[in-house]
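What follows is a short report on a single structure.
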Amino acid sequence: MSRPLLAVVLVALSVTACGPSPEQVAREEALKKLDQAAKEMEAAGKRAEAAAAKGDVGAAVGEAMKALGGLAGAAGGGSYEPVDFRKLKEALPQELPGFEKGEGSGEKNNAFGISVSEAKQSFRTADGNKRVRFEITDPGSLAGPFALANVWLNVEVDKESGDGYEKTSTVGGRKIHEKWSKDSKRGEVQMVVGNRFMVEVNAEGVEMNDVKALLGKVDVARLEAMKGEGKKAS
């Protein structure tokens, strides 16, 4: 996590406090740990770059993963075991009107103390001109830093160019991030559910309003019910 990003989080917390309540003190202590972890990540990034420059890709990846593991610990990460990807798949749509069901997949990865699970389901029209992919990711041990990294949830983004736009908006009371390219007719929408799960829809050949509507095909209520699942004893 970058230092500027942590600064934004610190400011956001400070302006809401009228006094040093126990909760505020706890948050400040946690942010101090995150700040230290960010410094360590910056140092690890430099080591990774040096390793990559020497052609040692394995060492470069290792440095990056260890840094993420440290960040997870600093932010209270590691307190969640990711939900089984098979359960995540149950929240994905299994049919889409006008589309043929494509490949579905799921996996759980655990390396350097970082455990993440994800599930995907794709669809396409018979002529192949329209494609849609749904994804759900449970960052598990990175749940704390993951929520902070997605600081766009609390920031207004509104950019436009000749090719398309990028902005934040609200759907069903939840903040979402959307991006659209007119030339390639590609759209993507991301939404965090329960401050834990990332729901993402990527589409080609589909109008952006329809891409956003596709979020409604994901069983968000099921995800909300699982947001506390896998919490480890402290």
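Sequential numbering from 1 along the given sequence is applied to the chain's residues.
- Within the 4.5 Å cutoff, no side-chain heavy atoms of Lys108 are placed close to those of Asp84.
- Side chains of Val218 and Leu223 form a contact here, defined as non-hydrogen atoms less than 4.5 Å apart.
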Run the side-chain contact (heavy atoms from CB on, under 4.5 Å) test on Arg196 and Asp138 for me, step by step, so that the C-alpha distance in whole Å, both residues' side-chain angles and the decisive distance to 0.1 Å come before the verdict. CA-CA 7 Å; Arg196 176 174 177 177; Asp138 178 5; 2.8 Å; yes

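- Atom NZ of residue Lys179 and atom CE of residue Met208 lie 11.0 Å apart, to the nearest 0.5 angstrom.
- Linking Ile, Leu, Val, Met, Phe, Trp and Tyr residues whenever their side-chain heavy atoms come within less than 4.5 Å leaves Phe85 and Val201 in two separate clusters.
- Contact record, Pro139 with Val116: O-CG2, 3.8 Å, taken as the closest heavy-atom pair.
- Within the 4.5 Å cutoff, the side chain of Val220 has heavy atoms near those of the Met191 side chain.
- Between the side chains of Ser161 and Asp163, no donor-acceptor pair of N or O atoms lies under 3.5 Å.
- Arg124 contributes atom CZ, which lies 9.0 Å from atom CG of Asn129 (distance to the nearest 0.5 angstrom).
- In this structure, CD on Glu200 lies 6.0 Å from CD on Glu188, to the nearest 0.5 angstrom.
- A donor-acceptor pair under 3.5 Å is formed between the side chain of Thr168 and the backbone N or O of Val157.
- Here the closest heavy-atom approach between residue Glu178 and residue Tyr165 is recorded as OE1-OH, 2.6 Å.
- Atom CZ of residue Arg131 and atom OG of residue Ser122 lie 9.0 Å apart, to the nearest 0.5 angstrom.
- A side-chain donor-acceptor contact under 3.5 Å links His177 and Glu166.
- Val132 and Val199 fall within a single hydrophobic cluster, where Ile, Leu, Val, Met, Phe, Trp and Tyr are joined by side-chain heavy atoms under 4.5 Å apart, directly or via other members.
- One N or O on the side chain of Ser117 and one on the backbone of Val83 form a donor-acceptor pair closer than 3.5 Å.
- Minimum interatomic distance between Leu92 and Phe134 (heavy atoms only, all atoms of both residues): CD2-CB, 3.7 Å.
- The minimum heavy-atom distance between Phe123 and Pro93, with the atom names listed, is CZ-O, 3.4 Å.
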Is there a side-chain contact (heavy atoms from CB on, under 4.5 Å) between Glu207 and Lys185 once you walk through the steps? CA-CA 7 Å; Glu207 294 298 331; Lys185 206 170 184 180; 3.0 Å; yes

CA sep, side-chain torsions, deciding dist, call: Trp180, Arg186, side-chain contact (heavy atoms from CB on, under 4.5 Å): CA-CA 6 Å; Trp180 168 250; Arg186 292 186 178 184; 5.7 Å; no

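- Once rounded to the nearest 0.5 Å, the distance linking OG1 of Thr125 with CD of Glu100 reads 7.5 Å.
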One pair to check against side-chain contact (heavy atoms from CB on, under 4.5 Å): Leu214 and Leu96. What are the steps and the verdict? CA-CA 9 Å; Leu214 288 172; Leu96 196 61; 3.7 Å; yes

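- You'll find the side chain of Glu224 reaches within 4.5 Å of the side chain of Val193, heavy atoms only.
- Residue Gln121 forms a side chain to side chain contact (heavy atoms under 4.5 Å, CB included) with just one option from Gln94, Lys217, Glu103, Glu95, and that option is Gln94.
- Rounding to the nearest 0.5 Å gives a distance of 5.0 Å between CZ of Arg222 and CD of Glu90.
- Side-chain contact between Asn202 and Glu135 is present, with at least one heavy-atom pair separated by less than 4.5 Å.
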